[in-house]
Amino acid sequence: MVLENKVAVIYGAGGGIGGAVARAFAREGATVFLTGPHRASVDVVADEITAAGGSAVAAEVDATDEQSVDTHLQAVIDTAGHVDISFNAIGIPNASIVGVPLTELEIDQFAKPITTYVMSYFLTARLAARRMIPNRSGVIMTVTALLSRTGLPLVGGYGPAMAAKEALTRNLSAELAPHGIRVVGLRPQGMPETRTIRDAYEPRAKASGMTWEQWQELLASRTHPRRLMTLEEMAHVAAFVASDKASGLTGTTVNLTMGSLDD
Ligand SMILES: NC(=O)c1ccc[n+]([C@@H]2O[C@H](COP(=O)([O-])OP(=O)(O)OC[C@H]3O[C@@H](n4cnc5c(N)ncnc54)[C@H](OP(=O)(O)O)[C@@H]3O)[C@@H](O)[C@H]2O)c1
């Protein structure tokens with residue numbers, strides 16, 4: 001188990017990616033502190049992990065609120081003594097941010113993903129780093145999307161938000177790596193088993209006269225293996241990146257687009 005004795009905090013742990021990462025971290029021996037803005041979805045993941053013999057604690061935390069994140073992190077330190085991994089996997093509903101041409105987009109709608117995603121990542125990373133620096137050890141992680149580096153229509157401020165998170169990953173690493181802290185992002189291809197991808201793409205499939213299955217085949221045809229990634233595959237990589245086996249990896253975003261996006 002590559003994460004034995006590690007303590008991980010996951011933001012957005014009730015979601016598709018956060019939940020899969022939480023399960024993988026716990027399977028690899030980490031104690032996972034799971035957080036989200038609504039307790040119910042986080043409890044489901046925590047109960048699953050506990051039932052499988054893992055160690056998980058759920059809490060209600062708004063990862064865009066400094067006080068909420070700071071109070072929770074202090075409680076983690078008080079309980080577990082240290083924090084080794086911070087993973088920000090929060091997601092806001094796509095329906096509220098995509099689907100409108102840039103020429104028609106209101107400034108608030110454009111700014112929403114940028115302020116929410118970038119500020120939350122900054123906040124959770126900064127507060128974790130303050131606790132990791134005295135131990136000269138830690139890993140800060142997040143998730144972005146292919147739109148950080150690919151131009152697509154009707155995605156509003158989402159692409160700029162993903163690009164900014166990847167820049168922040170590099171800059172955090174430049175400042176924190178000398179203190180023994182690695183900062184690494186993951187950039188998965190869309191995983192159709194998640195509600196995020198279905199919500200974002202099913203209406204577009206319909207508008208183009210395609211079924212959801214045909215749309216998935218189209219997305220899959222752009223990858224080298226001609227299939228889309230599973231949540232479990234992404235989570236395996238997350239566990240490896242969070243582990244000491246990846247000690248040489250920092251200041252970068254791991255490209256998990258399976259050939260859809262060249263380096
Ligand atoms: N799904 C994919 O295939 C994919 C691929 C590449 C990148 N991404 C990106 O990865 C991120 C997560 O995606 P996902 O599919 O896991 O989304 P998801 O299933 O919708 O999960 C997002 C989670 O974030 C939580 N959340 C929302 N606002 C929060 C806040 N202020 N503080 C703490 N937690 C908050 C949500 O809680 P509630 O539900 O309780 O509100 C939800 O549990 C998104 O940024 C998405 O764009 C996804």
Side-chain angles (χ1 to χ4, degrees), residues 9-24 33-46 58-73 86-98 112-124 127 141-150 152 155-166 168-169 185-202 215-216 219-220 223 227-235 237-238 253-258 260-261:
V9 179
I10 296 158
Y11 300 95
I17 292 182
V21 165
R23 288 183 201 96
F33 287 84
L34 309 182
T35 71
H38 309 106
R39 187 66 195 261
S41 55
V42 184
D43 276 341
V44 170
V45 180
E60 196 170 294
V61 176
D62 176 354
T64 60
D65 180 80
E66 181 166 16
Q67 194 59 51
S68 176
V69 175
D70 199 41
T71 304
H72 175 258
L73 264 181
S86 167
F87 195 114
N88 187 317
I90 78 159
I92 48 179
N94 268 319
S96 65
I97 54 178
V98 302
K112 188 173 178 184
I114 301 172
T115 50
T116 307
Y117 283 126
V118 183
M119 282 175 51
S120 174
Y121 180 32
F122 165 69
L123 187 60
T124 55
L127 293 172
M141 297 177 67
T142 194
V143 58
T144 58
L146 187 139
L147 288 166
S148 63
R149 293 180 49 204
T150 304
L152 280 177
V155 294
Y158 185 76
M162 295 296 113
K165 282 182 76 178
E166 293 188 5
L168 185 55
T169 290
L186 303 179
R187 187 196 305 125
Q189 169 64 284
M191 293 165 289
E193 67 203 281
T194 62
R195 67 174 177 193
T196 313
I197 294 303
R198 196 159 184 150
D199 288 354
Y201 288 114
E202 200 168 24
W215 188 264
Q216 286 178 68
L219 287 184
T223 71
R227 67 172 181 84
L228 292 169
M229 177 164 286
T230 65
L231 273 171
E232 197 171 7
E233 285 177 307
M234 180 275 315
V237 178
T253 296
V254 180
N255 186 350
L256 295 176
T257 65
M258 300 202 298
S260 299
L261 181 74

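By convention here, the first residue in the shown sequence is residue 1. Numbering of ligands and ligand atoms starts at 1, following listing order. Remember, predicted model here, so these are calculated numbers, not experimental data.
Listed here is the closest heavy atom pair of Asp62 and Val69: O-CG2, 3.6 Å. Considering every non-hydrogen atom in both Ser260 and Leu146, the closest pair reads CB-CD1, 3.8 Å. In plain terms, the two heavy atoms of Ala13 and Leu34 that are nearest each other are CB-CB, 3.6 Å. Scanning all heavy atoms of the two residues, the minimum distance from Gly16 to Thr194 falls at CA-CG2, 4.4 Å. Between Thr144 and Glu166, the shortest heavy-atom distance links the atoms OG1-OE2, 2.6 Å. Summarising the geometry of Thr223 relative to Arg227, their closest heavy-atom pair is OG1-O, 2.9 Å, with the distance given to 0.1 Å.
If you check which protein heavy atom lies closest to atom 36 (C) of ligand 1, you get Gly91 O, 4.1 Å. Protein heavy atom in closest approach to atom 26 (N) of ligand 1: Pro37 CD, 3.7 Å. Looking only at protein heavy atoms, the nearest one to atom 40 (O) of ligand 1 is His38 ND1, 2.7 Å. The closest protein non-hydrogen atom to atom 46 (C) of ligand 1 is Tyr158 OH, 3.5 Å. Of all protein heavy atoms, the one closest to atom 18 (P) of ligand 1 is Thr196 OG1, 3.7 Å. Nearest protein heavy-atom neighbour of atom 12 (C) of ligand 1: Ala89 O, 3.3 Å. Annotation: atom 43 (O) of ligand 1 to nearest protein heavy atom, Gly15 N, 3.1 Å. Of the protein's non-hydrogen atoms, Thr194 OG1, 2.8 Å is the one closest to atom 1 (N) of ligand 1.
Only the side chain of Ile197 comes within 4.0 Å of ligand 1, counting heavy atoms alone; its backbone N, CA, C and O stay farther away. Only side-chain heavy atoms of Tyr117 come within less than 4.0 Å of ligand 1; its backbone N, CA, C and O stay farther off.
Of the possible polar contacts, none joining the Thr35 side chain to the Glu60 backbone as a donor-acceptor pair under 3.5 Å is found. A donor-acceptor pair under 3.5 Å is formed between the side chain of Asn255 and the backbone N or O of Leu261. Checking side-chain atoms of Ser120 against main-chain N and O of Tyr117 turns up no donor-acceptor pair under 3.5 Å. A donor-acceptor pair is defined here as one N or O able to donate and one able to accept, closer than 3.5 Å; no such pair exists between the side chain of Thr116 and the backbone of Pro113. Listed for the Thr115 side chain is a donor-acceptor partner under 3.5 Å among the backbone atoms of Lys112.
Less than 4.0 angstrom separates some heavy atom of Ser41 from each of these atoms of ligand 1: 40 (O). Taking every non-hydrogen atom of Val61 and a distance limit under 4.0 Å, the qualifying atoms of ligand 1 come out as 32 (N), 33 (C). Short contacts between ligand 1 and Ala145, defined as distances under 4.0 Å to a heavy atom of the residue, involve ligand atoms 6 (C), 7 (C). Short contacts between ligand 1 and Ala63, defined as distances under 4.0 Å to a heavy atom of the residue, involve ligand atoms 30 (C), 31 (N), 32 (N), 33 (C). Remark: ligand 1 atoms within the under-4.0 Å shell around heavy atoms of Met191 are 2 (C), 3 (O). Close approach to Gly190 involves these atoms of ligand 1, each under 4.0 Å from a residue heavy atom: 3 (O). Taking a cut-off of under 4.0 Å to the non-hydrogen atoms of Asp62, the atoms of ligand 1 that pass are 30 (C), 31 (N), 32 (N). Residue Thr144 has at least one heavy-atom neighbour below 4.0 Å for each of these atoms of ligand 1: 6 (C), 7 (C).
By heavy-atom distance, the residue among Met229, Arg187, Met234, Arg195 lying nearest atom 42 (C) of ligand 1 is Arg195. Among Ile90, Val143, Ile17, the residue whose heavy atom lies closest to atom 44 (C) of ligand 1 is Ile90.
Not a single heavy atom of Leu146 sits less than 4.0 Å from an atom of ligand 1.
For a threshold of 3.5 Å applied to N or O pairs, the pair formed by Gly16 and ligand 1 contains at least one separation below that value.
A salt bridge between Arg39 and Asp43 is present, with a side-chain N of the basic residue lying under 4.0 Å from a carboxylate O of the acidic one.
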